[in-house]
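Treat the numbers as computed from the prediction; the structure is a model and nothing was measured. Counting starts at 1 for both ligands and their atoms, in listed order.
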Amino acid sequence: MSLLIGDNLVVSMHYTLSDDSGTVLDSSEGAEPLSYLHGAGNIIPGLEQALVGKAEGDELEVKVEPAQGYGEVRPELMQVVERAAFQGVESIEPGMAFEAQGPDGAAQRIVVKDVDGDNITVDANHPLAGVELNFDVKITQVREATEEEVAHGHVH
Ligand code: ZN
């Protein structure tokens with residue numbers, strides 16, 4: 001008998017994530033499998049939904065649209081800031097990432113998109129926003145979560 005994936009189960013899996021051009025974005029290969037508590041929103045919704053009803057040993061390919069992944073690119077998260085906002089940084093180049101304070105006061109990762117004199121265009125979108133995600137998944141274990149894990153909403 002094997003447990004079928006559903007709420008309050010801990011799922012461990014190896015995965016490889018690629019974009020539509022086949023570029024590998026992330027992988028658990030060579031590391032421990034990823035473990036998560038199913039039904040607690042620990043992983044992106046599109047992948048979590050695709051795993052429902054699967055069992056230990058199953059292998060599957062899952063394609064996740066941006067809306068069920070890291071969201072669409074939101075233009076309002078791109079903004080132009082003045083160079084003076086980057087105190088202590090000598091040379092600002094496109095592609096550099098910084099931690100900034102978001103509107104809600106929480107730390108936010110921003111990436112420099114464009115440098116035009118003193119005007120710096122930064123992007124606070126998730127790096128995988130707007131990207132179609134292709135997961136290759138192999139489920140290595142499915143077990144019942146402990147009461148404490150369920151109460152905390154994550155795997156211990
Ligand atoms: Zn905990």
Side-chain angles (χ1 to χ4, degrees), residues 1-79 81 85-89 94-113 122-156:
M1 301 268 270
S2 11
L3 273 173
L4 298 183
I5 295 175
D7 286 354
N8 298 332
L9 297 179
V10 172
V11 179
S12 299
M13 62 185 171
H14 275 298
Y15 70 95
T16 298
L17 167 61
S18 342
D19 65 15
D20 273 347
S21 69
T23 302
V24 173
L25 304 170
D26 191 14
S27 174
S28 65
E29 209 162 306
E32 291 288 301
L34 170 78
S35 295
Y36 77 95
L37 176 63
H38 193 92
N42 292 170
I43 61 172
I44 58 168
L47 182 57
E48 190 167 46
Q49 281 158 23
L51 289 168
V52 172
K54 304 297 180 194
E56 191 173 305
D58 283 357
E59 292 184 51
L60 60 155
E61 287 177 21
V62 183
K63 190 174 196 65
V64 178
E65 301 297 322
Q68 294 298 309
Y70 293 96
E72 304 287 353
V73 172
R74 291 161 57 197
E76 70 271 25
L77 294 180
M78 306 260 281
Q79 56 169 321
V81 297
F86 296 84
Q87 275 180 17
V89 185
M96 289 173 83
F98 293 91
E99 193 173 81
Q101 203 171 22
D104 54 359
Q108 190 176 47
R109 181 182 182 275
I110 59 169
V111 174
V112 174
K113 286 284 166 191
V122 298
D123 183 0
N125 282 289
H126 188 283
L128 294 179
V131 177
E132 240 175 42
L133 308 169
N134 300 284
F135 289 93
D136 256 310
V137 174
K138 181 174 192 337
I139 300 163
T140 58
Q141 192 192 34
V142 180
R143 65 162 172 88
E144 285 184 71
T146 64
E147 275 178 37
E148 199 185 19
E149 286 172 325
V150 172
H152 285 202
H154 57 233
V155 174
H156 284 166

(message) Could you work out, with ring pair (Phe, Tyr, Trp, His ring centres under 6.0 Å) as the rule, every residue matching Phe135, not counting sequence neighbours?
(response) none
(message) Let's test this: below 2.8 Å, count the protein N/O/S atoms around the Zn ion (ligand 1).
(response) 3
(message) If we count only N and O atoms by modelled type, under 3.5 Å, do the side chains of Tyr70 and Asn125 hold a donor and an acceptor together?
(response) no
(message) Between Asn134 and Asp20, is there a side-chain donor-acceptor contact under 3.5 Å, judged purely by atom types and distance?
(response) yes
(message) Check whether Gln141 reaches the backbone of Met13 with its side chain - one donor and one acceptor, N or O, closer than 3.5 Å.
(response) no
(message) Between Glu132 and Val64, is there a side-chain heavy-atom distance shorter than 4.5 Å?
(response) no
(request) Taking the side chain as every heavy atom from C-beta outward, state whether Glu149 and Glu147 have any atom pair closer than 4.5 Å. (result) no
